Amino acid sequence: MPELPEVELVRRALEPVLAGVRFDTVLLRRKNLRIPFPRRFAERLTGQTVTALTRRAKYLLATLSSGETLLIHLGMTGGFRVEHARISGGYRSEDASDDEKHDHVVFTMSSGAVVTFNDARRFGLMDLVARNGLAAHKAVSKLGPEPLSADFDAAALTRACHKRSVPLKLALLDQTVVAGVGNIYASEALWLARLSPRRRAATIATPTGRPRPAAAHLAAAVTEVLDQAIARRGPRFRVYDREGGPCLRRGCGGTIRRIVQGARSTFYCPRCQK
DNA sequence: ATTGAGACCTGTCGGC
DNA sequence: TGCCGACAGGTCTCAA
């Protein structure tokens, strides 16, 4: 489920549970997710306090008292459940949670909170990064600008796109162009900017690499769809998954189409997105 | 260096 | 009901 807004919402929900709190026990129920857990993962985490919970692109970053960072990616289906330790004699109700068979990591915190990571498809990952090692970490070292920071604007987008022949939609999904946009928000941002997902990325720049108006429209649209999704606590599908439905732009009258780009679905209105 | 295809893994949904 | 293919909000790797 998670693109940048969803990860940010997870971060906000988890922050009060983890920040300032210690890992009392760490239970690994398997030895890998998308990649193996690092050596002695549980031992290295146990006893440490989380000093901050931040986010970079779609990664959650828990800074630890040792200066190390616990890096977490939710993949497609990853998520956390927060419960509280029960006094012995308690029982678990059957319907309290879905598939415990996909509960892969269980953190018991010094507060009594029990934080469980569940991930059916196991496209998620956890890693432990040495103090000062984060910037060089493979997962984050090549990420482009944070779309909700001042680093991201029409100029940054233009620089990243002006020599690229890929379709605009695929450029938005490229995490080195802008970090955190995924398949839903890429379609949504292009719709908002009235730009065709099939258009070459380089066409938002002039031949000399200056931003065209489309670059500013697209940068603003990316920011807006992400901001709105966070504020509304979830995406609003104005084109995504609306194949065959009417374009919601006032006065357009077009019909939403689904195409496949890079083996993933793209939704757009051929009538108003140029 | 860039690009597209395939791989990774499980679940769900629609059609026959 | 059961089976089968298509599809799912993400990355990574490989070959051209």
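Chain naming here is simple, since letters A, B, ... match the order of the sequence lines and numbering starts at 1 in each. Remember, it's a predicted structure, so these values are computed and weren't measured experimentally.
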Watson-Crick or G-U counterpart of dC9(B), or none if no pair lies under 3.5 Å: none
Closest listed nucleotide, where the reference is the side chain of Met76(A) and the choices are dT3(B), dA8(C), dT13(C): dA8(C)
Test: Glu8(A) and Arg11(A) ion pair at under 4.0 Å: yes
Nearest-Å distance for atom pair NZ/P, residues Lys101(A) and dT10(B): 9 Å
Residue-phosphate contact under 4.0 Å: His102(A) side-chain N/O, dC9(B) OP1/OP2: no
Candidate nucleotides dT11(C), dA8(C), dC12(C), ranked by approach to the side chain of Arg258(A) - the nearest: dA8(C)
Residue whose nearest DNA chain C nucleotide is more 5′ - Ala263(A) or Arg34(A): Ala263(A)
Protein-nucleotide distance (Glu6(A), atom CD; dG10(C), atom C1'), rounded to Å: 12 Å
Ser265(A) vs dA8(C): side-chain N/O to OP1/OP2 distance below 4.0 Å: yes
Residue Glu3(A), side-chain heavy atoms: nucleotide from dG10(C), dT13(C), dG11(B) that is nearest: dG10(C)
Gap between atoms NE2 and P, on His162(A) and dT2(B) respectively (whole Å): 11 Å
dG10(C) phosphate, OP1 or OP2, under 4.0 Å from Lys58(A) side-chain N/O: yes
Salt-bridge criterion met for Glu6(A) and Lys58(A) (N-O under 4.0 Å): no
Side-chain N,O (Lys142(A)) to OP1/OP2 (dT11(C)) below 4.0 Å: no
Sugar-phosphate only, base, or nothing, as touched by Gly182(A) at under 4.0 Å among non-hydrogen atoms: sugar-phosphate
Closest nucleotide among dG11(B), dG4(B), dC12(C) to the Tyr59(A) side chain: dC12(C)
N or O in side chain of Arg122(A) less than 4.0 angstrom from dT10(B) OP1/OP2: yes
Lys31(A), NZ atom: more than 12 neighbouring heavy atoms under 6.0 Å: no
Sugar-phosphate, base or nothing in reach of Leu173(A), heavy atoms under 4.0 Å: nothing
Nearest-Å distance for atom pair CD1/C1', residues Ile35(A) and dC8(B): 13 Å
Salt-bridge contact Glu146(A)-Arg56(A) (side-chain N to carboxylate O under 4.0 Å): yes
Separation of atom CG in Leu170(A) from atom C1' in dT11(C), rounded to whole Å: 14 Å
Asp103(A) bridged to Lys101(A) by N-O distance under 4.0 Å: no
Rounded distance in Å - CG (Asp119(A)) to P (dA8(C)): 18 Å
Arg164(A) side-chain N/O to dT2(B) phosphate OP1/OP2 under 4.0 Å: no
Earlier contact from the 5' end, DNA chain C, for Gln175(A) and Arg121(A): Arg121(A)
Phosphate-side-chain proximity, Thr77(A) and dT10(B), N/O vs OP1/OP2 below 4.0 Å: no
Centroid under 5.5 Å and tilt under 30°, Phe123(A) to dC8(B): yes
Touch class at under 4.0 angstrom, heavy-atom based, for Arg264(A) against every strand present: base
List the atom pairs, donor and acceptor, that lie under 3.5 Å between side-chain atoms in residues 209-225 of chain A and the rest of the protein, sequence neighbours left out.
{"from": "Arg212(A)", "atom 1": "NE", "to": "Thr203(A)", "atom 2": "O", "distance (Å)": "3.3"}
{"from": "Arg212(A)", "atom 1": "NE", "to": "Ala205(A)", "atom 2": "O", "distance (Å)": "3.0"}
{"from": "His217(A)", "atom 1": "ND1", "to": "Pro213(A)", "atom 2": "O", "distance (Å)": "3.4"}
{"from": "Thr223(A)", "atom 1": "OG1", "to": "Ala219(A)", "atom 2": "O", "distance (Å)": "3.0"}
{"from": "Glu224(A)", "atom 1": "OE2", "to": "Gln228(A)", "atom 2": "NE2", "distance (Å)": "3.1"}

Nearest-angstrom distance from the residue atom CG of Leu125(A) to P of dT11(C): 10 Å
Short N-O contact, Arg131(A) and Glu68(A), less than 4.0 angstrom: no
Euclidean distance for P, dC9(B) against dC3(C) (whole angstrom): 24 Å
Leu33(A) CG to dT10(B) P, straight-line distance once rounded to whole Å: 12 Å
